[in-house]
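Below is one structure, written out as structure tokens; the observations come after it.
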Protein chains: 4
Amino acid sequence: MDFFRPPTSIYLQIADLVCERILLRAWKEGDRIPSVRDLAVELQVNPNTVMRAYAELQEKGIISNQRGVGYFVGPESRAKALAIKREEFFRAELPRMFKTLELLEVEWSELTRLRKAPETAAE
Amino acid sequence: MDFFRPPTSIYLQIADLVCERILLRAWKEGDRIPSVRDLAVELQVNPNTVMRAYAELQEKGIISNQRGVGYFVGPESRAKALAIKREEFFRAELPRMFKTLELLEVEWSELTRLRKAPETAAE
Amino acid sequence: MDFFRPPTSIYLQIADLVCERILLRAWKEGDRIPSVRDLAVELQVNPNTVMRAYAELQEKGIISNQRGVGYFVGPESRAKALAIKREEFFRAELPRMFKTLELLEVEWSELTRLRKAPETAAE
Amino acid sequence: MDFFRPPTSIYLQIADLVCERILLRAWKEGDRIPSVRDLAVELQVNPNTVMRAYAELQEKGIISNQRGVGYFVGPESRAKALAIKREEFFRAELPRMFKTLELLEVEWSELTRLRKAPETAAE
DNA sequence: GTGGTCTAGACCACC
DNA sequence: GTGGTCTAGACCACA
């Protein structure tokens with residue numbers, strides 16, 4: 001239900017991907033994340049593009065680097081990523097969803113009911 | 001998280017756009033909608049693309065065609081569009097949102113609170 | 001008197017150059033600064049390099065852009081640039097200078113005396 | 001603000017480095033300084049480059065050569081180095097700094113205050 | 001090996 | 001025309 005929403009650029013998608021891994025605790029604090037070149041090969045993307053994604057995340061304090069060694073998940077990275085992503089969600093995604101709900105005349109009670117239904121055995 | 005994927009094909013985006021207009025009652029039942037050519041000019045796309053969108057909608061019974069006259073919003077169009085879009089929403093979008101909520105550790109109660117008082121951004 | 005001080009990268013030098021122009025009021029608030037391509041030609045540098053410099057400055061809030069139009073010196077740009085450059089100066093350049101003064105056994109009084117001497121008729 | 005300019009040629013940087021050691025009295029008058037080969041290894045540069053630096057210093061009377069033995073810090077070396085470096089400082093570096101101070105609107109009194117109490121960064 | 005910078009040239013979206 | 005993104009490939013400094 002997205003009308004002409006532009007696709008987000010590749011480097012931001014990569015940054016999101018790294019964030020997601022951190023939020024899922026797949027990459028924990030202190031871990032070394034894949035090198036620029038390795039991730040570029042894995043994602044079939046130019047190293048510069050990965051570089052840009054990493055630079056973006058470093059600037060936000062989510063990852064840090066050691067010259068000649070690699071990039072690392074820094075302390076408090078998960079908390080920072082969580083804060084940033086939550087802010088984005090509440091600011092951009094949620095209003096869009098509320099609008100959709102209204103357009104589709106979806107009752108809030110339906111959602112509340114569905115919320116626990118589909119995966120009752122979740123973690 | 002696959003790269004180089006256009007978010008949705010253009011003709012489907014156009015079909016969505018028409019649906020939205022109908023759901024918003026901007027185009028009411030019985031109304032004649034813009035000609036293929038006019039909408040193509042307005043959206044800066046190839047007429048064939050609009051044609052494909054209209055064909056898609058016609059097939060779903062959301063609009064109807066009168067040869068030599070144009071396309072029209074038929075009776076029950078809004079109800080049909082609503083049903084189709086709701087189905088899509090519950091099947092595809094909602095699960096994705098539940099996953100995001102879990103990842104971002106957003107409490108359901110927060111959403112319930114924000115639902116009636118938007119534009120009062122929390123966090 | 002710099003021992004193996006690495007040269008600062010080109011894009012940062014360009015960012016500095018823009019800052020300097022703003023500090024000198026050669027480019028005033030509201031002015032459109034040269035396009036990425038034009039400055040690249042003028043400086044004999046790749047457009048990407050200028051782009052990177054502009055992105056750096058935009059991020060610091062010193063310049064802003066309008067898609068398809070150009071980059072502009074924003075309101076309060078001079079004040080922001082001044083604050084940032086002063087911070088850099090006090091943090092990095094000044095301690096280095098104090099060290100040099102000590103090494104060269106330069107008395108503070110000499111500097112104070114020279115301060116007014118060379119260009120008494122300055123603005 | 002010209003690009004692609006190496007800050008100073010390497011051999012001059014090495015000469016500076018030797019000067020600094022002498023000024024710091026790390027290498028005292030009469031001391032034998034490292035052989036061309038040893039310093040070249042230590043600095044990871046070509047011996048010719050060190051050779052050129054030593055020749056430069058010898059010409060200025062800051063070090064002297066004893067064929068087959070090595071290079072030595074001569075009498076008055078420190079005084080000579082001091083004189084040369086001070087001259088460079090007053091001629092080249094100081095005017096540049098005065099210009100910076102003016103551009104950044106730094107008051108002389110601020111510097112005087114910081115001079116004795118560094119590491120107590122203001123701003 | 002690592003990251004960091006730069007170039008050359010391409011294509012896109014916007015105006 | 002403008003900025004924005006991406007690719008391909010190069011070279012450097014660091015470890």
Side-chain angles (χ1 to χ4, degrees), chain A residues 3-16 18 31-59 62-74, chain B residues 2-7 10 13 42-45, chain C residues 3-16 18 31-59 62-74, chain D residues 2-7 10 13 42-46 49:
Chain A
F3 301 109
F4 291 101
R5 185 157 43 120
T8 111
S9 54
I10 297 181
Y11 81 95
L12 288 178
Q13 290 183 46
I14 295 173
D16 270 356
V18 174
D31 283 3
R32 181 174 169 281
I33 68 177
S35 79
V36 169
R37 284 163 175 79
D38 286 356
L39 191 56
V41 169
E42 185 189 331
L43 299 180
Q44 302 262 53
V45 148
N46 189 288
N48 278 330
T49 306
V50 175
M51 185 73 209
R52 207 168 162 187
Y54 280 13
E56 188 81 13
L57 291 169
Q58 184 178 18
E59 179 191 312
I62 294 175
I63 61 178
S64 60
N65 74 1
Q66 234 172 299
R67 285 283 298 242
V69 181
Y71 278 88
F72 294 82
V73 182
Chain B
D2 43 354
F3 304 106
F4 299 111
R5 174 183 47 108
I10 296 190
Q13 290 184 46
E42 185 190 330
L43 299 180
Q44 300 262 47
V45 297
Chain C
F3 300 109
F4 291 101
R5 182 157 46 118
T8 109
S9 53
I10 296 181
Y11 82 95
L12 288 178
Q13 289 183 47
I14 295 173
D16 270 356
V18 173
D31 283 2
R32 181 173 169 280
I33 68 177
S35 78
V36 169
R37 286 163 173 81
D38 285 355
L39 192 56
V41 169
E42 185 189 331
L43 299 179
Q44 300 263 53
V45 148
N46 189 288
N48 277 331
T49 307
V50 175
M51 184 73 208
R52 206 167 164 187
Y54 279 13
E56 188 81 13
L57 291 169
Q58 184 178 17
E59 181 191 312
I62 294 174
I63 62 179
S64 61
N65 74 2
Q66 233 172 300
R67 286 283 298 245
V69 181
Y71 278 89
F72 294 82
V73 181
Chain D
D2 42 357
F3 305 106
F4 298 109
R5 176 183 46 110
I10 296 191
Q13 290 185 45
E42 185 190 330
L43 300 180
Q44 303 261 51
V45 295
N46 191 298
T49 306

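At whole-Å resolution of the value, CD in Q58(A) and C1' in dG3(E) are 10 Å apart. The distance from atom OH of Y71(A) to atom C1' of dC14(F) is 14 Å, rounded to the nearest whole Å. If you measure from atom CD1 of I14(C) to atom P of dT7(E), you get 8 Å, rounded to the nearest angstrom. Note: CG (N46(A)) to P (dA10(E)) measures 16 Å, nearest angstrom. Distance CD (Q44(A)) to C1' (dA8(F)): 15 Å, rounded to an integer number of Å. To the nearest angstrom, C1' of dG1(F) lies 17 Å from CG of L39(C). Remark: C1' of dC11(E) and CD1 of I10(A) are 12 Å apart, rounded to the nearest angstrom. Rounded to whole Å, atom C1' of dC6(F) lies 14 Å from atom CG of L43(A).
Checked against dG3(F), dT7(E), dC6(F), the side chain of N65(C) finds its nearest nucleotide in dG3(F). Proximity note for V36(C) (side chain, C-beta onward) versus dG3(F), dC14(F), dT7(E): the nearest is dG3(F). Distance from the side chain of M51(C) is smallest to dT5(F) among dT7(F), dT2(E), dT5(F). Taking every side-chain heavy atom of R67(C) into account, dG3(F) is the closest of dT7(F), dG3(F), dT5(F).
Here R52(A) reaches the OP1 or OP2 of dT5(F): one of its side-chain N or O atoms lies under 4.0 Å away. In this model, the phosphate group of dT7(E) is not approached by any side-chain N or O of Y11(C) to a distance below 4.0 Å at OP1 or OP2. Between T49(C) and dC6(E), a side-chain N or O to OP1/OP2 separation shorter than 4.0 Å is absent.
Put simply, the side chain of R37(C) and the base of dG3(F) share a donor and an acceptor less than 3.5 Å apart. Side-chain atoms of N48(A) and base atoms of dG4(E) include no donor and acceptor less than 3.5 Å apart.
Closest heavy-atom contact between V69(C) and R32(C): O-NE, 3.2 Å. For the residue pair A15(A) and A53(A), the shortest heavy atom distance occurs at N-CB, 3.8 Å. For the pair N48(C) and N46(C), the tightest heavy-atom approach, listed with the atom from each and the gap, is N-OD1, 2.8 Å. Contact detail for P34(A) and L39(A): the closest heavy-atom pair is CB-CB, 4.2 Å.
Test L57(C), V36(C), V50(C) against Y71(C) for side-chain contact (heavy atoms from CB on, under 4.5 Å) and you get one pass: V36(C).
Using Watson-Crick or G-U wobble geometry with both donor-acceptor distances under 3.5 Å, dC12(F) finds its partner in dG3(E).
Contacts of Y54(C) with the nucleic acid, taken as non-hydrogen atoms under 4.0 Å apart, are absent.
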